[in-house]
Protein chains: 2
Amino acid sequence: MNEQAYLKTYDPKAFASPIFSVDGLLFTYHQKQLKVLLVERSNHPDKGKWGLPGGFVDLDVDDNLEDTVVRKLREKTGVRPPYIEQLSTIGNRSRDKRGWSVTVCYTALVAHQDCETHVDSVSDARWVELDKLADLKLAFDHREIIEAGREALKQRALDSIVPAYTLPDKFTLSELQHVHEVLLGKPIQKTSFRRRMSRLEEAGLLIDTGKFTAGPRRPAVLYTLSPSAVDHIFVRNLEL
Amino acid sequence: MNEQAYLKTYDPKAFASPIFSVDGLLFTYHQKQLKVLLVERSNHPDKGKWGLPGGFVDLDVDDNLEDTVVRKLREKTGVRPPYIEQLSTIGNRSRDKRGWSVTVCYTALVAHQDCETHVDSVSDARWVELDKLADLKLAFDHREIIEAGREALKQRALDSIVPAYTLPDKFTLSELQHVHEVLLGKPIQKTSFRRRMSRLEEAGLLIDTGKFTAGPRRPAVLYTLSPSAVDHIFVRNLEL
DNA sequence: CTAATAGTGTCTATTAGACATTATGTG
DNA sequence: CACATAATGTCTAATAGACACTATTAG
C-alpha cells in the first residue's frame, strides 16, 4: 500500500486516545497583588468548582495549540494577551474523572486594565489573588498547575523582564520592581534592579517614553517594552 | 444530572480530537560527538524516513506521559534513561499528513555504553551524530524538534551539570568539559569549569569516587553524580 | 518646608574569563 | 627524561548586594 492509499483509509478513531485539552494560566498584577483568571465550571466534571480557562481544540477553527488557548482566553478577556508561553503538558489516568486525559498548559500575562471591563462582563470569570487560592475549590489538578506556573514566572523574575507584561503598556520602574518582589516573595535592592534596567535601556529593549507619572511626589519616568525585550535573559540571575 | 450519571454516559469519542503521540529525543555522547537516537519508520506516513522513537499512549499500560516515553525508549535501548525531562508540546494541523496532530516531546540522556549492545540489536534504530543530520531524510517536524532539544540542552550546559547524563556513571572532569564544549560550540576556560565543579563537590552534588583513569598520562579523578545534582542551577551562567 | 517617592553613588562580595604554572602518570 | 594530560594559581572584569545619599514633585 502506498502512502496515499494509507491516508485514505486512515481512521483517527481506531485506537483509544486520551481526552485532550488546552488550558490557559493568565496572570495579571492589580492593586499590588498578583491575580489569576479563573472560571466557574458550569459543566461536569467538577461542576461548580473553579478552573483555568481552557477547553478542547476545535479542529476546524484552530491551526495550532496556541490558537486554541488564545481563543479560550479571548472569550473571557476580550483580548489576545501580549505574552503567551507554553508551561508544560500534564497527562495521566487520574487527573480527570472521565479517564486518561492530557492538558497542554500555557502561561499568559496581561495588563489588568486591558481586560477589566470584559472580565467584569463575563459572569463566570473572575480574577483571584494568588494568596487567596487556598479558600477556593479548584477543579482537576489546577491548583498544582497554578503553583507550577507561578514558580516558572518567579524564575522569569530572576533572569528576565517578562513579568512586565502583567503591567500596562507604560509603567514605572518602581511598579515593575514591585511585581518582581511579589513574585520572589522578598525585596530586591533598588540599585541592582535599576542597573539591570539601564542595561536593557542601553540595549534598546526598554524604552523611555518621555512621559511621567503625576501625583504628590516626584514624577517617575514611564517606560515601555521593546518587542524583543521578551527574549532577553540576563547572564546573571538576581539572588534568592 | 449529577456527576455520576454524567460520567456514565460520557463518550470520549463524541468530539473529534487531535492525533496524540509522545516522542523521545534521546541524546548520548560517544567518540567525542553528540548523537541522537533515530528510528527508521516502517509504517506510513513518512515510511522509510528517520524519526524520533515514540508513539501512542497505551491507556491500559501507561499511567502517565512519562511512562509512555520510557516504554518507547526502553524498546529501543533496553534501559530507562537516567535523565528525562519534558521539552515541549507541538500541535498543529500541518505536521502530520493524517491530520491535526499533537506530540509531547521529552528530552532524555543516556550513557552510550549502557545501551550500545541493545541498540545494535534493534535493526531499525541507530545513533546519528548531530552534525550528520543534514544528510538524512527526517519524518514530520522531527528535524526542528531535535534542533529545539539541542538548544535546550545547550542552555543546560550553561547553567547546570545535566549534560553529564550523556556520560557513563563514572566520568572525568575533562570528559564532561568536552561534552559542554560540544554543546556550546566553543571552548570553555578550564579554570572556570573546574571552579564550578569544585563548588558542586563541596555541596555534595558531585562525588569523587577515589578512582582514576589509567593510560600514558597523568591519571584523572573519576567523579560520579549525586542524584540531587540534576536539580542544581548555577546562579551565574557560563558566557557565550 | 515637609512628606513621599524617584533616582544615584560608592563600596564590597562573588564569580567568570584569561593565561601561566605546576603535577603526575607511562614509556 | 619527554610527553601528554590533569590540576592549580593568580590577575582582571563584570555584576549583584548593601546602604547612604540626593532630587523632585504637590500641597
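So that the names make sense, note that chain A is the first sequence line, chain B the second, and so on, each numbered from 1.
With the nearest nucleotide of DNA chain C identified for both B/K186 and A/P216, A/P216 has the one nearer the 5' end.
Spacing between atom CZ of B/R194 and atom C1' of C/dA23 amounts to 12 Å, rounded to whole angstrom units. In this structure, CZ of A/F212 is placed 23 Å from P of C/dA4, rounded to the nearest angstrom. Taking atom OH of residue B/Y223 and atom P of nucleotide D/dA6, one finds them 12 Å apart after rounding to whole Å.
Applying the ring pair (Phe, Tyr, Trp, His ring centres under 6.0 Å) rule to pairs touching residues 183-215 of chain A yields A/H180-A/F193, sequence neighbours excluded.
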Give me, pair by pair, the N or O atoms of the protein and of nucleotides 19-22 of chain D that are less than 3.5 Å apart, along with how far apart they are.
| residue | atom | partner | partner atom | Å |
| --- | --- | --- | --- | --- |
| D/dC19 | N4 | A/T191 | OG1 | 2.1 |

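For DNA chain D, the residues of residues 233-240 of chain A within the heavy-atom distance limit of 4.0 Å (strictly under) are A/R236, A/N237, A/L238, A/E239, sorted by number. The stretch residues 154-183 of chain A does not touch DNA chain D, since none of its heavy atoms comes less than 4.0 Å from the strand. Contacts between residues 195-211 of chain A and DNA chain D, defined by a heavy-atom separation below 4.0 Å, involve A/R195, A/R196, A/R199, listed by number.
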Original post:
Are B/L138 and B/I146 close enough, and set up right, to give a side chain to side chain contact (heavy atoms under 4.5 Å, CB included), and what steps lead you there?
Top reply: CA-CA 10 Å; B/L138 291 189; B/I146 295 168; 4.0 Å; yes

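Within the 3.5 Å criterion, the main-chain N or O of A/S160 finds no donor-acceptor partner in the side chain of A/H232.
For B/E239, the salt bridge (charged side-chain N to carboxylate O under 4.0 Å, His left out) test picks out B/R236, with sequence neighbours left out.
Comparing C/dT26, C/dG25, C/dA6 by their closest approach to the side chain of B/R217 singles out C/dG25.
Around the CD atom of B/E144, the shell of radius 6.0 Å holds no more than 12 heavy atoms that belong to other residues, nucleotides or ligands.
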